[in-house]
Amino acid sequence: MKKYNHRTIEKKWQKVWTEKNLYRTNLKSRRKKYYCLVEFPYPSGEGLHVGHIRSYTALDVIARKRRAEGFEVLYPMGWDAFGLPTENYAIKTGQPPAVITKRNVNRYRKQLQELGFSFDWSREINTADPNYYGLTQWLFLQLFKAGLAYKAKMPINWCPKDKIGLANEEVVAGCCERCGTPVEQREKDQWLLAITKYADQLDRDLDLVDYPPPVKIQQRNWIGRAEGAKVKFGNIEVFTTRPETIFGATFIARHGAADRFTGEYAINPANQEKIPVWEAEYVMEGVGTGAIMGVPTHDERDRAFAEKYNLPIREAPLADEILLKKIGARPMTTYKLHDWIFSRQRYWGEPIPLVFCEKHNWVPVSNKDLPVKLPPLKKYAPTDTGESPLASIESWVKTKCPLCGGPARRETDTMPNWAGSSWYYLAYLIKNLKTNTYNLKAKSLFKHWLPVDWYNGGLEHTTLHLLYSRFWHKALYDLKLVPTKEPYGKRTSHGLVLAANGEKMSKSRGNVVNPDELIRRFGADALRLYEMFMGPFDQAIGWKENGLVGARRFLDRVWRLAVSSKFKVQSSKLNSDLQFLVQQTIKKVTDDIEQMKFNTAISALMILLNHFEKTPAIPLAVAKTFLKLLSPFAPHLAEEFWVKLSEKKSIHLAPWPHLIKTEPRWAAMVKIVVQINGKVRDILEAPAGLTEEKIKNLALGKEKIQLWLKGKNIQRTIIVPNRLINIVLDQ
RNA sequence: GCCGGAGUGGUGAAAUGGCAGACACGCUAGCUUUAGGAGCUAGUGAGCGCAAGCUCGUGGAGGUUCAAGUCCUCUCUCCGGCACCA
């Protein structure tokens with residue numbers, strides 16, 4: 001072959017890998033396990049985004065490295081298939097959401113397979129599959145039975161033009177995302193999940209996991225733990241984080257639609273002073289005890305309020321612990337976190353598996369009737385009442401109470417799109433999602449495979465999916481359904497891939513990059529390589545096609561080198577410079593992959609290739625090392641040449657290269673920087689490990705240095721062995 | 001306002017307190033009959049200089065240090081998150 005034909009190579013190896021089940025995980029393997037997870041995509045009509053590829057390639061690199069290190073690796077993929085765009089498309093076209101989803105999933109799967117990811121496709125899941133959502137419903141019922149799901153009147157976002165209830169995500173700047181009409185609030189009975197019961201654990205257990213500090217901070221801020229005290233001012237109880245400022249309290253305030261004096265007074269227990277009770281806009285409902293003590297000298301908002309309404313402002317001594325105890329101040333902790341509204345008045349989601357019976361109130365559907373399947377519809381548009389379209393199918397709504405057999409009506413709301421993704425990392429471990437597995441028989445596998453070792457996903461999910469699934473997991477832990485307190489041991493995040501001008505890629509802006517076309521023109525290996533090389537992994541970055549051209553150029557050069565005669569040399573004699581560089585490269589690539597510094601790992605491979613091109617012969621062992629280090633990034637091309645080096649097994653089954661541990665003779669010479677007053681004046685080449693005295697003599701012996709020293713006195717010299725000497729002169 | 005993160009060439013960026021700009025992209029010049037978005041060689045932070053070389057240079061102002069992109073203080077700008085949470 002004369003030219004690097006990526007299409008032939010990539011197709012060929014993808015077929016071979018699939019036929020040989022190369023990436024099939026043996027969940028019962030005795031080897032050490034490693035569970036790599038990436039956020040599974042929502043199969044939208046737009047197809048795969050180059051941002052998905054960034055995340056999936058990164059963990060593909062990690063997964064491949066772990067396999068080479070001897071781990072049994074699970075790297076699964078699936079579809080987060082319930083969601084609004086699909087439903088909206090169904091409303092517009094009349095096509096059933098299930099049909100649309102199937103088409104989109106097929107497209108996504110094909111795209112992912114063409115990228116050569118090492119997913120175990122035998123474990124593919126789909127949250128909209130009845131077998132899957134049957135378990136989602138069953139798990140919901142476990143939460144319900146544990147008292148974690150309840151119904152309450154809550155405001156929903158209502159678009160008066162579309163006559164439709166909107167999810168928070170669909171409200172943009174107070175207006176309907178679809179038509180731009182200002183959104184109204186309507187009261188509706190909604191299911192809520194009591195995530196606040198886990199607020200404390202969700203905060204505290206962040207200490208148990210390896211998340212990037214900003215992610216932990218953002219979750220902690222969202223949970224908003226605040227420690228303080230509640231104190232009784234007569235029959236009004238206030239919450240404060242600064243109880244010691246109680247002598248400065250000159251009024252009491254609770255929430256009101258407008259600022260006004262209530263006419264009531266309360267007694268400050270610290271000094272028996274009679275102080276007025278106000279209603280104030282700035283006091284929030286449902287926080288703490290619902291009332292605050294106004295201390296104008298210690299709180300800016302209290303001060304502003306006092307100034308506005310001519311309330312007293314006075315400095316006062318701080319109260320001590322003993323006094324606070326005496327007046328009955330009791331410790332209290334509050335959280336900003338609210339319970340999770342879990343109802344959606346929508347069709348394309350998991351039906352909430354509860355029925356309402358006059359005698360028994362809300363009753364869970366029995367296991368044998370799970371899953372509660374979504375009934376087929378003619379029209380997917382919501383009804384005039386703002387209820388789910390399911391409410392319009394009277395024959396479906398009418399049912400019997402599982403307890404008494406009396407007449408009952410089904411809940412017609414569905415679950416939010418966060419439901420299926422709250423437990424999907426467990427689903428990959430369940431062999432068969434059929435309806436008879438509702439006892440979660442996979443427990444022994446859970447014990448072996450949990451927690452997920454490394455989970456990569458978007459920062460935008462920090463306070464949504466990531467928090468929700470931690471909550472579900474903790475609830476399931478308390479129900480003894482999972483063996484660990486936390487679902488994910490390590491979490492990392494990729495930066496967004498933006499359009500070239502730094503804008504977000506979107507269909508409406510028309511700046512979306514199509515991966516299919518890129519794979520066709522440049523190849524999957526080049527695309528993968530570029531996405532890893534484009535910049536620091538955790539940083540947002542603009543798409544530059546020229547960068548992709550550069551990645552392709554690198555692979556072209558690998559190709560030319562590998563088909564040249566100098567790649568096949570069976571030499572036992574190693575050039576010491578080359579050997580040194582190879583060792584350096586192994587170290588750099590190995591370390592950098594662990595830290596997700598893929599850009600510098602690849603640059604190390606580029607440096608090695610540059611060196612190869614200037615080297616007359618590349619020994620077989622070095623060639624193999626190079627291909628192995630390249631293989632996580634460009635799996636197809638690496639495999640192609642691995643086989644040409646008469647290897648019988650796949651490169652992806654070969655062990656990771658190791659460093660030579662003995663003191664290398666090829667590192668005998670080092671470059672030592674010679675500075676004068678901190679400025680570089682010369683560079684010495686010297687044997688490694690010289691004494692300070694010898695380095696100094698060598699430096700002082702250099703002509704250039706002597707010129708600088710003329711007529712000056714050496715005040716001191718600083719020597720860093722093998723690196724640097726700084727000669728400090730009198731001024 | 002509060003909480004995070006980031007400011008380095010024309011661009012993406014590198015740099016355990018120890019040679020700032022590795023590795024790429026782009027550009028310039030040259031070579032190569034060069035069907036291609038090709039390849040090879042050299043150059044490419046700014047200023048001065050024929051050159052050797054010198055000076056300046058990591059948003060800004062100070063500081064610590066023999067030595068600062070890196071540590072400390074203050075400050076400006078941009079990006080992300082939160083929104084009166086007592």
Side-chain angles (χ1 to χ4, degrees), chain A residues 3 212-226 228-229 238-243 245 253-255 280-295 298-302 304-305 334-338 459-460 462-463 493 495-496 498 500 502 521-522 529-530 533-536 538-554 556-557 560 588 597 599-610 613 671-683 704 707 714-729:
Chain A
K3 229 182 107 183
V215 170
K216 286 192 186 184
I217 290 166
Q218 207 184 314
Q219 285 209 347
R220 285 214 157 99
N221 288 347
W222 186 259
I223 293 164
R225 182 189 170 90
V238 305
F239 172 71
T240 173
T241 53
R242 302 284 314 275
T245 65
R254 57 178 183 237
H255 176 75
E281 255 185 282
Y282 82 94
V283 177
M284 300 200 11
E285 227 172 341
V287 175
T289 58
I292 59 148
M293 60 180 194
V295 186
H298 281 97
D299 186 290
E300 278 182 42
R301 294 156 302 179
D302 293 351
F305 191 79
T334 63
Y335 300 91
K336 287 186 197 174
L337 190 68
H338 294 297
L459 274 175
E460 70 274 20
T462 299
T463 55
S493 285
L496 291 176
L498 306 165
R521 286 161 65 207
F522 299 97
L529 192 77
Y530 169 55
F533 184 66
M534 65 198 309
D538 56 357
Q539 248 171 64
I541 197 154
W543 182 265
K544 301 260 160 49
E545 192 163 292
N546 268 332
L548 179 52
V549 171
R552 169 61 195 226
R553 201 173 289 161
F554 170 75
D556 278 330
R557 284 165 58 205
R560 280 199 297 277
K588 183 85 179 144
K597 290 162 78 174
N599 52 338
T600 49
I602 291 166
S603 108
L605 291 171
M606 288 171 166
I607 291 169
L608 188 56
L609 178 69
N610 290 346
E613 287 175 340
K671 280 179 184 172
I672 297 175
V673 171
V674 184
Q675 296 184 338
I676 289 173
N677 288 336
K679 291 192 175 170
V680 182
R681 296 305 180 190
D682 206 350
I683 289 170
K704 243 191 216 169
L707 281 173
I714 297 175
Q715 208 176 61
R716 57 189 289 202
T717 52
I718 288 100
I719 294 165
V720 182
N722 293 334
R723 294 200 78 141
L724 170 140
I725 171 167
N726 187 9
I727 302 163
V728 186
L729 303 178

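All values below were derived from every heavy atom in this structure, side-chain atoms included, with hydrogens, water molecules and symmetry-related copies excluded. Below, read A as the first sequence line, B as the second, and so on, with proteins coming before strands; counting in each chain starts at 1. Keep in mind that what you see is a predicted model, and the values were worked out from it rather than measured.
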* Asked: Which atom names give the shortest non-hydrogen contact between A:G542 and A:M534, and what distance separates them?
  -> O-CE, 4.2 Å
* Structure fact -> Heavy-atom closest pair (A:P536 atom, A:N599 atom, distance to 0.1 Å) is N-ND2, 3.7 Å
* B:G53 and B:G26, which share atom name C1', separated by this distance in whole Å -> 29 Å
* Applying a 3.5 Å limit to both distances, which nucleotide forms a Watson-Crick or G-U wobble pair with B:G1? -> B:C82
* Quote, to the nearest angstrom, the P distance that separates B:U16 from B:A6. => 15 Å
* Is any NZ, NE, NH1 or NH2 atom of the basic residue among A:R560 and A:D556 found under 4.0 Å from an Asp or Glu carboxylate oxygen of the other? -> no
* Structure fact -> Checking B:A13, B:C19, B:A22 against the side chain of A:S603 (C-beta onward), the nearest is B:A22
* Sugar-phosphate only, base, or nothing, as touched by A:G550 at under 4.0 Å among non-hydrogen atoms -> sugar-phosphate
* Asked: How far, in whole Å, is B:A61 from B:G80 if one measures between their C1' atoms?
  -> 28 Å
* Answer with base, sugar-phosphate or nothing: what part of the nucleic acid does A:N221 contact at a heavy-atom distance below 4.0 Å? => sugar-phosphate
* To do: Report which part of the nucleic acid A:E545 touches: base, sugar-phosphate, or nothing (heavy-atom distance under 4.0 Å, all strands).
  => base
* Mind checking A:P213 for me? I need base, sugar-phosphate or nothing, with any heavy atom below 4.0 Å counting as a touch. => nothing
* Out of B:C19, B:G12, B:A86, which nucleotide sits closest to the side chain of A:A226? -> B:A86
* **Position toward the 5' end of RNA chain B (nearest nucleotide), A:A291 or A:R553** => A:R553
* Structure fact -> Winner on side-chain proximity to A:F533, out of B:C66, B:A86, B:A24, is B:A24
* Roughly, in whole Å, what's the span from CD in A:Q539 to P in B:G12? -> 10 Å
* Asked: OP1 or OP2 of B:A38 sitting under 4.0 Å from any side-chain N/O of A:R560?
  -> no
* Counting only Watson-Crick or G-U wobble pairs whose two distances fall under 3.5 Å, which nucleotide matches B:U55? -> B:A46
* State whether A:K704 places a side-chain N or O below 4.0 Å from either non-bridging phosphate oxygen (OP1 or OP2) of B:C54. => no
* Asked: Say you pick atom P in B:G5 and the same atom in B:C56; how far apart are they, in whole Å?
  -> 34 Å
* To do: Rounded to whole angstrom, note down the P distance from B:G60 over to B:A52.
  => 29 Å
* With a 4.0 Å cut-off on heavy atoms, is A:M606 in touch with a base, just the backbone sugar-phosphate, or nothing at all? -> sugar-phosphate
* Do any N or O atoms from the side chain of A:H255 and from the backbone of A:V283 form a donor-acceptor pair under 3.5 angstrom? -> yes
* Which one is paired to B:C66, where only Watson-Crick or G-U wobble pairs with both distances under 3.5 angstrom count? -> B:G18
* Could you give the CG-to-P distance, from A:N726 to B:C66, as a whole number of Å? -> 10 Å
* Yes or no on side-chain contact (heavy atoms from CB on, under 4.5 Å) for A:R557 and A:L609, after CA distance, side-chain angles and deciding distance? -> CA-CA 8 Å; A:R557 284 165 58 205; A:L609 178 69; 3.7 Å; yes
* **Sugar-phosphate only, base, or nothing, as touched by A:T241 at under 4.0 Å among non-hydrogen atoms** => sugar-phosphate
* Contact under 4.0 Å: A:R681 side-chain N or O vs B:G53 OP1/OP2 -> no
* Asked: Which nucleotide, in any strand shown, forms a Watson-Crick or G-U wobble pair with B:C40, with both distances under 3.5 Å?
  -> B:G30
* Phosphate OP1/OP2 of B:A24: any A:R552 side-chain N/O under 4.0 Å -> no
* To do: Kindly label the base of B:A35 as syn or anti, based on whether its glycosidic torsion lies within 90° of 0.
  => syn
* How should the glycosidic conformation of B:G39 be described, syn or anti, under the criterion that syn lies within 90° of 0? -> anti
* To do: Look only at the side chain of A:N677 and the backbone of A:L729, and say whether a donor-acceptor pair between them is shorter than 3.5 Å.
  => yes
* Asked: Side chain of A:Y530, backbone of A:K544: donor and acceptor closer than 3.5 Å?
  -> yes
* To do: Specify the separation, in whole Å, of atom CG of A:D556 and atom P of B:G36.
  => 16 Å
* To do: Go through B:U11, B:G18, B:A86 for me and flag the one nearest to the A:V283 side chain.
  => B:A86
* Asked: Does the pair A:I292 and A:Y282 meet the rule for a side-chain contact (heavy atoms from CB on, under 4.5 Å), with working shown?
  -> CA-CA 11 Å; A:I292 59 148; A:Y282 82 94; 3.5 Å; yes
* Asked: Does A:K597 make a side-chain N or O approach to OP1 or OP2 of B:A15 shorter than 4.0 Å?
  -> yes
* Asked: Would you say A:T289's side chain and A:F239's backbone share a donor-acceptor pair under 3.5 angstrom?
  -> yes
* Asked: How many Å lie between CZ on A:R557 and P on B:A38, as a whole number?
  -> 15 Å
* Side chain of A:P214 only, please: which of B:A24, B:G4, B:A86 is the nearest? => B:G4
* Asked: For B:G18, does OP1 or OP2 lie under 4.0 Å from any side-chain N or O of A:R723?
  -> no
* Residue A:V287, side-chain heavy atoms: nucleotide from B:U11, B:A20, B:A86 that is nearest -> B:A86
* Separation of the C1' atoms in B:A24 and B:G9, to the nearest angstrom -> 14 Å
* Asked: How is A:I292 classified with respect to the nucleic acid when contacts are heavy atoms under 4.0 Å: base, sugar-phosphate, or nothing?
  -> base
* To do: Give a yes/no answer on whether the side chain of A:N599 brings an N or O atom under 4.0 Å of OP1 or OP2 in B:C23.
  => no
* **Nucleotide B:A67, atom P - distance to CD1 of A:I725 in whole Å** => 16 Å
* Closest listed nucleotide, where the reference is the side chain of A:L724 and the choices are B:A22, B:G18, B:G81 -> B:G18
* Looking at the side chain of A:N610, which of B:G36, B:C23, B:A13 is the nearest nucleotide? -> B:C23
* Report the distance from atom CD1 of A:I718 to atom C1' of B:A68, rounded to the nearest whole Å. => 15 Å
* Check every atom of B:A14, B:G26, B:A20 against the side chain of A:P536 and return the nucleotide holding the closest atom. => B:A14
* For B:G9, measure the glycosidic angle (O4'-C1'-N9-C4 for a purine, O4'-C1'-N1-C2 for a pyrimidine) and name it syn if it falls within 90° of 0, otherwise anti. => syn
* Pairing partner of B:G9 (Watson-Crick or G-U wobble, both distances under 3.5 Å) -> none
* In terms of side-chain heavy atoms of A:I683, which of B:C19, B:A13, B:G5 is nearest? -> B:C19
